[in-house]
Protein chains: 2
Amino acid sequence: MPEAITQSIQDYLKHIYELNENGGSASTNDLAARLNIAPASVTGMLQKLANAKPALVIYKKHQGVKLTKSGEKAALEVIRHHRLLETFLVNTLGYTWDEVHCEADKLEHVISEDFEARMAEALGHPTRDPHGEPIPTADLTMPADSSCPLASLRTDETATVRKVVDDDPALLRHLREIGVIPDAKITVKNYSAFDGNLTIKVEGQRSNIVLGSAITNHVYVEK
Amino acid sequence: MPEAITQSIQDYLKHIYELNENGGSASTNDLAARLNIAPASVTGMLQKLANAKPALVIYKKHQGVKLTKSGEKAALEVIRHHRLLETFLVNTLGYTWDEVHCEADKLEHVISEDFEARMAEALGHPTRDPHGEPIPTADLTMPADSSCPLASLRTDETATVRKVVDDDPALLRHLREIGVIPDAKITVKNYSAFDGNLTIKVEGQRSNIVLGSAITNHVYVEK
DNA sequence: AAAATTATTTAGGTTTGACTAAATTACATT
DNA sequence: AATGTAATTTAGTCAAACCTAAATAATTTT
């Protein structure tokens, strides 16, 4: 029988998925940092996941891990839960986009498939969460997302904000204040080669804004 | 520092509270049965809860347990979560009253105080859950409930259904079908001393209904 | 290529909350 | 009062998922 996918395992799989997205395989250390767990503990868990009845990851010593098909499905399930929950909390209980992350992180492991389906229905089957992240479909496919970091734009380029990839509530509140939220239209007024700062104009906002790369690397746009 | 109140502990406290309600102290065996845990395991946990920094229960060998003030507060917190969640699931996601129990049992341990407050607000601070059970107030007081078992009524008595104390989905669906739900007005048409059956008329329903004591002991009414 | 640094793994240990089997206590009956 | 039964507790295990410290492997620097 397939072994139980515990809450911890769900967390591992979710983070492995995200690390796999940008680049190749997830390293023990990266995972440990993200999960706030000692590297040694991660090694132990990865060995377990690799030896599970339907293997959830492919793991070779010192070379990091990648998800198997089974592992990816399980990861997408958790991510779908998380993103639907964030959307639900904002739409139904008046949360703001900077407040939803922690709550969704706990609920994602606990809700039933029925709950998931009812949320999706009630929300009209949304395709993006409040941060603009794509929501995996009910059959566990991750929608394509062709956005690129705002940091990669140059003077005079115009784009639409797609998503903000950061959970820091303070940053999210700040971005909301200056109007940098999904679907906002922006134009790059200036690029500074020295510090990577971008000066942008957000459609509908009065003044220009200067953003450092710490921010522009976490805001994704589509030209 | 006060010790962490884990999910298991929350479950113990909740069930001790419920066993304390009808009568005195909860026995090891009753608890074991309710929690689906071996009696020996319950003994171990009770010793732990009794020795916790702020003791959560008062426990004497072979004499069952009762909650301390701290334990009761913790129990009411969980019960408030549970009942608000049931109400929320019915009102917001279209669950029926027979479908909410399992989901609420998982969510109750996981939601934040913020989530609790937002639910209460969104629902207009309800005082009873979909089964008619009173919802502990935000300051953790259990509202008085003077209802008595339907089984205690006799011929010609009239009453209003207050609550149904049973989680069996099949029974709940049946009761809903015959109109025995909170606030329904009923009249006892006949009482059979032999089997304890009650024949009742539900206001607004066509025909009389005969209910055995397995049911009438779980339906509470107010005269 | 050797040495130094960093990343990863091994080994052994802890905590939580369950379990079973055996022992004990309490209760009920004769 | 003695015995049998039921309830409870003790004692010893187990699994999951974490930890620290020490060992090893990989990578980078000199």
Side-chain angles (χ1 to χ4, degrees), chain A residues 1-16 19-20 23-66 71 74 78 105-106 108-110, chain B residues 1-16 19-20 23-53 55-66 71 74-75 78 105-106 108-110:
Chain A
M1 72 231 78
E3 340 226 333
I5 296 188
T6 64
Q7 295 197 12
S8 304
I9 294 177
Q10 288 177 20
D11 272 333
Y12 276 89
L13 296 177
K14 180 174 75 163
H15 283 103
I16 293 168
L19 286 168
N20 281 178
S25 54
S27 80
T28 303
N29 256 13
D30 287 353
L31 264 174
R34 276 184 173 243
L35 294 165
N36 261 301
I37 278 173
S41 308
V42 173
T43 299
M45 179 61 96
L46 294 182
Q47 290 169 344
K48 179 178 159 183
L49 297 182
N51 294 330
K53 270 281 196 32
L56 296 167
V57 303
I58 293 163
Y59 171 64
K60 282 176 191 154
K61 280 187 186 184
H62 300 278
Q63 292 177 227
V65 270
K66 293 201 300 191
V78 180
D105 255 355
K106 293 181 298 177
E108 66 188 9
H109 306 296
V110 160
Chain B
M1 73 233 77
E3 340 228 332
I5 297 187
T6 64
Q7 295 197 11
S8 304
I9 294 179
Q10 289 177 21
D11 273 333
Y12 276 89
L13 297 177
K14 180 173 74 165
H15 283 103
I16 294 169
L19 287 169
N20 281 177
S25 56
S27 80
T28 303
N29 254 16
D30 288 353
L31 263 174
R34 276 184 173 244
L35 294 165
N36 261 302
I37 278 173
S41 308
V42 173
T43 299
M45 180 60 95
L46 294 182
Q47 290 169 343
K48 179 179 160 184
L49 297 182
N51 296 329
K53 269 282 197 33
L56 297 167
V57 303
I58 292 162
Y59 170 65
K60 282 176 190 154
K61 280 187 184 186
H62 299 279
Q63 293 179 225
V65 271
K66 293 200 302 190
V78 181
D105 255 355
K106 293 181 297 176
E108 67 187 9
H109 306 297
V110 160

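Between B/S8 and C/dT16, a side-chain N or O to OP1/OP2 separation shorter than 4.0 Å is absent. Using a 4.0 Å cut-off, no side-chain N or O of B/Y12 falls inside it from OP1 or OP2 of C/dT16.
Every pair tested for salt bridge (charged side-chain N to carboxylate O under 4.0 Å, His left out) that includes a residue from residues 39-49 of chain A fails, sequence neighbours excluded, so the list is empty. Sorted by first then second residue, the salt bridge (charged side-chain N to carboxylate O under 4.0 Å, His left out) pairs that include residues 27-47 of chain B, not counting sequence neighbours, are B/E18-B/R34. Within the structure, side-chain hydrogen bond (donor to acceptor under 3.5 Å, both in side chains) pairs that include any residue of residues 36-45 of chain B do not occur (at least two apart or interchain).
Side chain of A/K106 to main chain of B/V110: a donor-acceptor pair is present (N/O by atom type, distance under 3.5 Å, no hydrogens or angles).
Looking only at side-chain heavy atoms (C-beta outward), A/Y12 and A/I37 come within less than 4.5 Å of each other.
The nucleotide range of DNA chain D contacted by chain A, defined by atoms under 4.0 angstrom from heavy atoms of the protein and reported 5' to 3', is D/dA16 to D/dA26.
Every residue meeting the side chain to side chain contact (heavy atoms under 4.5 Å, CB included) condition with B/A32, not counting sequence neighbours, appears here in chain and number order: B/P39, B/V42. Considering only residues two or more places apart in sequence or on other chains, B/D11 meets the side-chain hydrogen bond (donor to acceptor under 3.5 Å, both in side chains) condition with B/H109.
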Under a 4.0 Å heavy-atom criterion, the protein footprint on nucleotides 4-15 of chain C, written with B, S and -, is ---SSBB-----

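End-to-end axis angle of the helix from C/dA1-D/dT30 to C/dT30-D/dA1, from C1' rotation axes over five pairs per end: 0° (rounded to 10 degrees).
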Would you be so kind as to tabulate the donor-acceptor pairs closer than 3.5 Å made by side chains of residues 55-65 of chain A, with sequence neighbours excluded?
none

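With rounding to the nearest 0.5 Å, the separation of CG in B/D105 from CD in B/Q7 is 11.0 Å. Interatomic distance, CG of B/L49 versus CG of B/L46, reported as 6.0 Å (0.5 Å rounding).
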